[in-house]
*Asks:* 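Got a structure for you, questions after.
Just so we're on the same page: letters track the sequence lines, and every chain starts at 1.
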Amino acid sequence: MSRRPSSHSGALEQHFFARDVTVVARDLIGMLLCRRNRRGLTVGRIAETEAYLAQGDSASHSFNGINRKNASMFGPPGRAYIYTIHARQCFNIVTELTGVASAVLIRAVEPMHGIRLMEQRRSTCIKRDLCRGPARLCEAFDTGGDFDGWDLTRQCRLWVATDSAGDDFRISNSPRIGVTSAKDARLRFFLTGNKFVSGPKALNR
DNA sequence: AAAACGATCTACT
DNA sequence: GTAGATCGTTTTG
């Protein structure tokens, strides 16, 4: 029978996120992004991430210091940082110690559960396009700007969970993790050969 | 007040 | 693979 991931996959705790941002970005590959509200439960396996460093990363929103918009990046690890661009949302997870403004952008997840709900939110039935891309997955999971600063370790409404053995969402094949250095010291991580990643660059590796 | 700029997406070849 | 759409925020005059 179908088992609920909330009963077998515990939410990641704060100490998981209180580590080097590139390590967290890599370790998040294969973890589960979970969202629950009155409409139901949606779960996706994290397929692509990107690390934004606290130091020397001109592409990071924290590069020019704290302001009203990016304040969550300077807060405790394990919180959400949600940014709006092109009238769309991007979902980040704050890492390292409080005051160290690093974060991991979730670029793509593989739909695992609640696909019907994702299809409704996204207005498409093309599974590959449901959660491929940072703004698309935000729409599929209905993670609006309200979640900026949200504590993702509480296992409530929106959280990140381990892919613990025995539940319905276990990774069947050992994921091969690809790494590519990008400009401005950014780092991307993704499952090689996974079709649920956001761009052709990742697909080709 | 106007223009330029994005951590993007869709549609189409 | 890429042209065109998109719109809030920042920069410019």
Side-chain angles (χ1 to χ4, degrees), chain A residues 17 20-26 28-29 31 33 42 44 46-75 77-96 100-111 115 118-150 152 158 160 178-191 193-205:
Chain A
F17 301 103
D20 179 90
V21 63
T22 59
V23 173
V24 176
R26 191 202 135 95
L28 278 171
I29 299 292
M31 298 294 180
L33 179 63
T42 43
I46 296 174
E48 183 179 357
T49 61
E50 182 165 358
Y52 285 87
L53 311 181
Q55 298 291 335
D57 186 356
S58 62
S60 172
H61 289 171
S62 64
F63 188 70
N64 291 319
I66 192 169
N67 59 44
R68 186 186 163 86
K69 295 280 183 184
N70 67 9
S72 295
M73 283 190 79
F74 291 80
R79 304 287 181 90
Y81 167 51
I82 305 226
Y83 183 74
T84 302
I85 188 170
H86 293 60
R88 296 169 172 92
Q89 314 270 24
C90 292
F91 173 68
N92 301 254
I93 303 174
V94 178
T95 60
E96 306 189 35
V100 180
S102 59
V104 176
L105 171 66
I106 308 301
R107 299 191 57 86
V109 309
E110 176 180 349
I115 291 176
M118 295 180 190
E119 290 174 348
Q120 291 170 8
R121 289 168 174 159
R122 290 273 300 116
S123 301
T124 180
C125 289
I126 302 172
K127 190 177 177 186
R128 183 178 134 86
D129 289 339
L130 284 178
C131 307
R132 183 174 59 89
R136 284 191 268 237
L137 75 87
C138 280
E139 190 172 35
F141 281 76
D142 188 31
T143 56
D146 296 345
F147 282 106
D148 185 46
W150 189 264
L152 298 165
L158 180 65
V160 185
V179 183
T180 178
S181 296
K183 62 177 180 178
D184 301 327
R186 284 180 290 168
L187 283 172
R188 285 192 184 184
F189 301 85
F190 52 88
L191 293 168
N194 188 297
K195 63 181 180 179
F196 297 96
V197 296
S198 65
K201 283 182 183 175
L203 282 170
N204 291 338
R205 291 171 191 269

*Asks:* So which nucleotide from dA7(B), dT6(C), dT9(C) ends up closest to the side chain of His86(A)?
*Replies:* dT6(C)
*Asks:* Rounded off to whole Å, could you give me the CG-to-P distance for the Leu130(A) and dC9(B) pair?
*Replies:* 13 Å
*Asks:* Angle between ring planes, Tyr81(A) versus His61(A), binned at 30° and 60°: parallel, tilted or perpendicular?
*Replies:* perpendicular
*Asks:* Quick one, Ile115(A) and Lys127(A) - any side-chain contact, counting heavy atoms below 4.5 Å?
*Replies:* yes
*Asks:* Rounded to whole angstrom units, what separation is found between the CD atom of Glu50(A) and the C1' atom of dG6(B)?
*Replies:* 13 Å
*Asks:* Is the shortest side-chain heavy-atom distance between Leu158(A) and Phe91(A) below 4.5 Å?
*Replies:* yes
*Asks:* Decide, yes or no, whether a salt bridge links Arg122(A) with Glu139(A) under the criterion of side-chain N to carboxylate O below 4.0 Å.
*Replies:* yes
*Asks:* Mark yes or no for whether Glu96(A), through its side chain, and Val21(A), through its backbone, hold a donor-acceptor pair below 3.5 Å.
*Replies:* yes
*Asks:* So what does Arg122(A) touch, heavy atoms closer than 4.0 Å: a base, only the sugar-phosphate, or nothing?
*Replies:* sugar-phosphate
*Asks:* Under the 5.5 Å and 30° test, is Tyr52(A) stacked on the base of dA7(B)?
*Replies:* yes
*Asks:* How far apart are the closest heavy atoms of Leu53(A) and Ser62(A), and which atoms are they?
*Replies:* O-OG, 4.2 Å
*Asks:* Need one value for Asp129(A): base, sugar-phosphate or nothing, where a base atom within 4.0 Å counts as base even if backbone is also close, heavy atoms only.
*Replies:* nothing
*Asks:* Please give, in whole Å, the distance from dT6(C) P to Glu139(A) CD?
*Replies:* 15 Å
*Asks:* Does the side chain of Leu130(A) come within less than 4.5 Å of Val109(A)'s, by heavy atoms?
*Replies:* no
*Asks:* To the nearest angstrom, how far is Arg107(A) atom CZ from dT8(B) atom C1'?
*Replies:* 9 Å
*Asks:* When you measure only distances, ignoring hydrogens and angles, does the side chain of His61(A) come within 3.5 Å of the base of dA7(B) through a donor and an acceptor?
*Replies:* yes
*Asks:* I need the NZ-C1' distance between Lys69(A) and dG8(C), as an integer number of Å.
*Replies:* 8 Å
*Asks:* Atom CZ of Phe63(A) and atom C1' of dT10(C): how far apart are they, to the nearest Å?
*Replies:* 17 Å
*Asks:* Considering every strand and a 4.0 Å limit on heavy-atom distances, what is the contact class for Tyr81(A): base, sugar-phosphate, or nothing?
*Replies:* base
*Asks:* Given atom CG of Asn70(A) and atom C1' of dT9(C), what is their separation to the nearest angstrom?
*Replies:* 13 Å
*Asks:* Give each stem of DNA chain B as a range with a range, requiring at least 3 consecutive Watson-Crick or G-U wobble pairs whose two distances are under 3.5 Å.
*Replies:* B:1-6 with C:7-12, B:8-12 with C:1-5
*Asks:* Nearest whole Å is fine: how far is dC9(B) P from Ile85(A) CD1?
*Replies:* 10 Å
